[in-house]
Each structure stands twice: as C-alpha cells, then as structure tokens.
Amino acid sequence: DNEARNRLKAALSCSDWTAESLSNHLFSTATYVSRVTTGRIQDPSPTRLQAICDALDVDITFVLTLFLYTSDAADEED
C-alpha cells in the first residue's frame with residue numbers, strides 16, 4: 001500500500017543506497033526497487049521485499065504495518 005511504499009522510500013533515503021544501486025546489488029536489474037517504491041510493482045514477492053528490507057536494515061514488519069518489533073515488545077507480551 002501507499003503507506004508501506006512511503007516507509008520503504010524513507011528507509012532508502014536514510015541509507016547509503018540509491019534505488020538503482022540497491023536494485024543492481026540485489027537483483028541485477030537497475031529498476032526493481034524504484035518500481036516497488038513508486039507502486040509500479042504493487043505486490044513484490046515476500047522474498048524480494050525481505051531482501052530490500054535486510055539491505056536497508058529495516059524490519060519488514062515496520063515497512064508493512066508501522067509496528068516495530070523489538071525484543072522489548074516480546075517481553076511485554078509475556
């Protein structure tokens with residue numbers, strides 16, 4: 001959705017990567033990350049989305065739901 005794309009764009013802008021360089025690094029194509037963040041790819045595969053999040057050092061749960069999972073949150077559930 002649009003909110004998830006915005007969170008992914010924000011993570012990208014805070015990183016040392018450009019969309020093109022990250023795409024080339026992960027997928028050997030220059031446009032994949034850009035197409036995800038602009039919505040041209042509406043439903044990226046979970047594997048590819050996880051790879052993008054890992055490279056940006058951001059939790060996929062945060063990108064998808066704005067909920068940041070931490071070990072503290074897990075402790076509060078007990």
(message) Any heavy-atom pair between the side chains of Leu8 and Val33 that's under 4.5 Å?
(response)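 A side-chain contact is absent here, since even the closest heavy-atom pair is not under 4.5 Å.
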(request) Measure the shortest side-chain to side-chain distance between Ile41 and Pro44 over non-hydrogen atoms and say whether it is less than 4.5 angstrom. (result)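 The answer is yes; the side chains approach within 4.5 Å.
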(message) With side-chain contact (heavy atoms from CB on, under 4.5 Å) as the test, pick out the partner of Ser15 among Val58, Asp57, Leu56.
(response)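 Output: one option passes, namely Leu56.
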(message) Please enumerate all residues that pass side chain to side chain contact (heavy atoms under 4.5 Å, CB included) together with Asp16, with sequence neighbours excluded.
(response)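 If we apply the side chain to side chain contact (heavy atoms under 4.5 Å, CB included) test to Asp16, skipping adjacent residues, there are no hits.
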What's the spacing between [X] [atom1] and [Y] [atom2] if we round to 0.5 Å?
X: Arg40; Y: Arg5; atom1: CZ; atom2: CZ; result: 12.0 Å
X: Leu49; Y: Leu64; atom1: CG; atom2: CG; result: 5.5 Å
X: Leu22; Y: Ile52; atom1: CG; atom2: CD1; result: 6.5 Å

(message) Give me each pair satisfying side-chain hydrogen bond (donor to acceptor under 3.5 Å, both in side chains) with a member in residues 18-34, each pair once, sequence neighbours excluded.
(response)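 Every side-chain hydrogen bond (donor to acceptor under 3.5 Å, both in side chains) pair that includes a residue of residues 18-34, provided the two are not neighbours, is Thr18-Ser21, Thr31-Arg35.
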(request) Please name the pair of heavy atoms, one in Arg48 and one in Phe27, separated by the smallest distance, quoted to 0.1 Å. (result)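 Scanning both residues, the minimum pair turns out to be CG-CE2, 3.5 Å.
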(message) Tell me the closest heavy-atom pair linking Ala55 and Leu26, and the distance in Å.
(response)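 Shortest heavy-atom separation between Ala55 and Leu26 comes out as CB-CD1, 4.3 Å.
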(message) Looking at Ser13 and Ala10, would you say the former's side chain and the latter's main chain have a donor-acceptor pair under 3.5 Å?
(response)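 At least one qualifying donor-acceptor pair exists.
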(message) Would the distance check show the side chain of Gln50 and the main-chain N or O of Thr47 forming a donor-acceptor pair, the cut-off being under 3.5 Å?
(response)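 Here the side-chain-to-backbone pair does not exist.
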